[in-house]
Number of protein chains: 2
Amino acid sequence: MGDKYDCLKLKSQLCFPLYACSKEIIRKYKPFLDKFDLTYTQYITMMALWENESMNVRELGLVLFLDSGTLTPVLKKLESKGYLERKRSKEDERNLIVTVTEKGWKLREEALSIPESMSSCVNLEPEEASELYRLLYKVLGTQAR
Amino acid sequence: MGDKYDCLKLKSQLCFPLYACSKEIIRKYKPFLDKFDLTYTQYITMMALWENESMNVRELGLVLFLDSGTLTPVLKKLESKGYLERKRSKEDERNLIVTVTEKGWKLREEALSIPESMSSCVNLEPEEASELYRLLYKVLGTQAR
DNA sequence: CGGAGATAGTTGCAATTGCTATTAAATTGT
DNA sequence: ACAATTTAATAGCAATTGCAACTATCTCCG
C-alpha cells in the first residue's frame with residue numbers, strides 16, 4: 001500500500017541511512033580522537049600519509065575523496081601541530097609535497113589505540129561487516145569523480 | 001602478510017568508505033537539488049516534514065540524526081523561503097512547532113522528480129541495494145544517541 | 001621563442017555539523 | 001508555593017565541505 005509520494009520518504013532511499021551512519025560513526029570517534037587533539041578529517045589525512053609517507057595535495061585528495069580547498073586548511077593545521085611538512089616540489093613548483101615528520105611517525109604509534117577502541121563500536125557480524133564493506137566500495141567505485 | 005599498522009590503513013576500516021560514500025552520493029544530488037535551490041540538509045528536512053506535517057525541533061532532530069543547533073538555521077532558512085512555519089506551542093512554550101506551508105506542499109509535487117533522477121546513480125543490483133540498506137540500518141540501530 | 005591552454009594549489013563564500021554555554025519554560029519534590 | 005532540576009531551543013565557536021574565482025607554473029604547439 002503506497003502512494004505516489006513513497007519515494008520521497010526517508011526510509012525509501014539509500015542516501016539517508018548512508019548519511020546518518022557516516023555521521024554517527026564519526027561521532028563515535030570523537031572521544032578517542034580528542035585524546036590526540038585530532039579531528040576526523042585530520043585523522044584520515046594522517047592515515048593516508050602513514051600509508052604513503054609523501055604525497056602532493058592532489059593525490060591526497062584522490063585518496064580521501066576531498067577537494068584541495070578542503071585539504072589546504074587541514075594540512076596547514078597538521079603542519080602547525082608538527083605532524084607534517086609542506087614543501088613545493090623542486091621538479092614542478094605547482095606541486096606541494098606533504099611529508100610526515102618524526103613527530104608524525106611517533107603519533108602513529110600512539111594512534112594504534114584508536115582502531116582498537118573503535119572496533120567494538122560497530123555491532124555487525126564479521127560477514128556482515130565485510131559485505132557492507134564490499135557494497136560501499138562497489139558504490140564508491142561507480143562514482144566517477 | 002600484515003604489519004602491526006595494518007589496522008591504521010584506510011582500507012581496513014568501515015568508517016572511511018561510509019564517510020566517502022555518503023559524501024559522494026550527496027554530491028550527486030547537488031545538480032538536482034540546485035534546480036529547487038535546496039541543499040541536501042534542507043531537502044531531507046522537508047522530506048521528514050512531508051511525512052509528518054508538523055513536528056517540533058527535537059523530534060525532527062531524532063528523525064534526521066541532527067542536533068537542534070544544526071536544525072535552527074536550516075529551519076530559519078526554509079521558513080524564509082516560505083516552505084514552513086515556525087511557531088511556539090501553546091501547550092508548552094518551550095516547543096517550537098514546525099509546519100509545512102501551502103508552498104511547502106507544492107514543492108513536494110515538483111520534488112518527486114528528485115528521487116527519480118537519482119535512482120540511476122547508484123549502480124547496485126536490487127538485492128545488493130536492499131542488503132546495504134539493511135546493514136546500514138542495523139549499524140544505525142545499535143548507535144545509541 | 002611566446003602565447004594558449006592545462007594543471008596545482010589557495011582563497012573566499014555559504015552551508016553544515018557537533019559541542020558548549022545560555023535562556024526560557026515546565027516539572028518535581030519538599 | 002517555590003527552589004532545584006530537567007527540557008527545548010538558540011547563539012557562539014571551530015572545523016568541514018564543495019564550489020568558483022584566482023594565481024602561479026608548466027606544457028604544447030605554431
Side-chain angles (χ1 to χ4, degrees), chain A residues 15-16 19-34 36-46 55-62 64-81 86-98 143 145, chain B residues 15-16 19-34 36-46 55-62 64-81 86-98 143 145:
Chain A
C15 71
F16 178 69
Y19 161 83
C21 231
S22 167
K23 279 192 309 152
E24 288 301 294
I25 301 283
I26 289 172
R27 215 166 53 86
K28 290 269 177 173
Y29 269 92
K30 195 171 184 324
F32 305 115
L33 293 174
D34 278 352
F36 301 99
D37 187 29
L38 285 177
T39 64
Y40 183 73
T41 317
Q42 290 166 13
Y43 172 58
I44 59 172
T45 302
M46 289 310 299
M55 281 190 276
N56 67 21
V57 178
R58 194 187 110 271
E59 291 163 336
L60 254 177
L62 285 174
L64 297 175
F65 291 84
L66 285 175
D67 189 80
S68 64
T70 303
L71 278 172
T72 294
V74 172
L75 294 172
K76 284 184 177 174
K77 191 82 188 185
L78 286 170
E79 184 182 41
S80 78
K81 292 181 185 177
R86 298 161 67 246
K87 272 186 195 149
R88 290 284 167 181
S89 162
K90 287 275 156 57
E91 293 81 44
D92 184 339
E93 294 227 339
R94 290 172 304 180
N95 286 283
L96 190 133
I97 311 290
V98 182
Q143 304 301 309
R145 292 284 290 176
Chain B
C15 71
F16 179 68
Y19 160 84
C21 231
S22 168
K23 279 192 309 151
E24 288 303 293
I25 300 283
I26 289 173
R27 216 166 52 85
K28 290 269 177 177
Y29 268 92
K30 195 171 184 325
F32 304 115
L33 293 174
D34 279 351
F36 300 99
D37 188 29
L38 285 176
T39 64
Y40 183 73
T41 316
Q42 290 166 13
Y43 172 57
I44 59 171
T45 302
M46 289 310 298
M55 281 191 277
N56 66 21
V57 178
R58 193 186 112 271
E59 290 164 336
L60 254 177
L62 284 174
L64 298 175
F65 291 84
L66 285 175
D67 190 79
S68 64
T70 303
L71 279 171
T72 295
V74 172
L75 294 172
K76 284 185 176 175
K77 191 83 188 183
L78 286 170
E79 185 182 42
S80 79
K81 293 182 186 178
R86 299 160 67 247
K87 272 186 194 148
R88 291 283 166 181
S89 162
K90 286 276 157 56
E91 293 81 44
D92 184 340
E93 294 227 336
R94 290 172 305 179
N95 286 283
L96 190 133
I97 311 290
V98 182
Q143 305 300 312
R145 291 286 288 177

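Convention: sequence-line order gives letters A, B, ...; per-chain numbering from 1.
- At the phosphate of D:dG18, neither OP1 nor OP2 sits under 4.0 Å from any side-chain N or O atom of B:Y29.
- As a whole-Å value, the separation of B:Y43 OH from C:dT16 C1' is 18 Å.
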What string of B, S and - do you get for nucleotides 5-14 of chain C, 5' to 3', if B is base contact, S is sugar-phosphate-only contact and - is no contact with any protein heavy atom under 4.0 Å?
-BBSSBB---
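- The distance from atom CG of A:L38 to atom C1' of D:dT16 is 15 Å, rounded to the nearest whole Å.
- Not a single ring pair (Phe, Tyr, Trp, His ring centres under 6.0 Å) links A:F36 to another residue, sequence neighbours left out.
- Taking atom CD1 of residue B:I44 and atom C1' of nucleotide C:dA15, one finds them 13 Å apart after rounding to whole Å.
- At distances below 3.5 Å, not a single donor-acceptor pair connects side-chain atoms of B:R88 with backbone N or O atoms of B:I97.
- A:R27 places its CZ atom 19 Å from the P atom of C:dT16, with the value rounded to the nearest Å.
- Using a 30° and 60° split on the angle between ring planes, B:F65 and A:F16 fall in the tilted class, from 30° to 60°.
- Only one option out of B:T45, B:T70, B:T41 pairs with B:L64 in a side chain to side chain contact (heavy atoms under 4.5 Å, CB included); it is B:T45.
- In terms of phosphate contacts, B:Y40 brings no side-chain nitrogen or oxygen within less than 4.0 Å of OP1 or OP2 of C:dT17.
- Following rounding to the nearest Å, B:Y19 (OH) and D:dT16 (P) show an atom-to-atom distance of 9 Å.
- Side chains of B:K23 and A:L66 form a contact here, defined as non-hydrogen atoms less than 4.5 Å apart.
- Each of A:V74 and A:E93 was assigned the nucleotide of DNA chain D with the nearest heavy atom; the assignment lying further toward the 5' end belongs to A:V74.
- Remark: A:K76 pairs with no residue by the salt bridge (charged side-chain N to carboxylate O under 4.0 Å, His left out) rule, at least two apart or across chains.
- In this entry the distance linking CG of B:L66 with P of C:dC19 reads 12 Å, nearest Å.
- Positionally, the nearest nucleotide of DNA chain D for A:Q42 lies more toward the 5' end than for the other of A:E91 and A:Q42.
- Distances shorter than 4.0 Å separate none of the side-chain N or O atoms of A:K23 from OP1 or OP2 on C:dT17.
- The CE atom of B:M55 sits 15 Å away from the P atom of D:dA8 (whole-angstrom rounding).
- Residue A:D34 contributes atom CG, which lies 15 Å from atom P of D:dA14 at whole-angstrom precision.
- The nearest pair of heavy atoms linking B:Q42 to B:V74 is CG-CG1, 4.1 Å.
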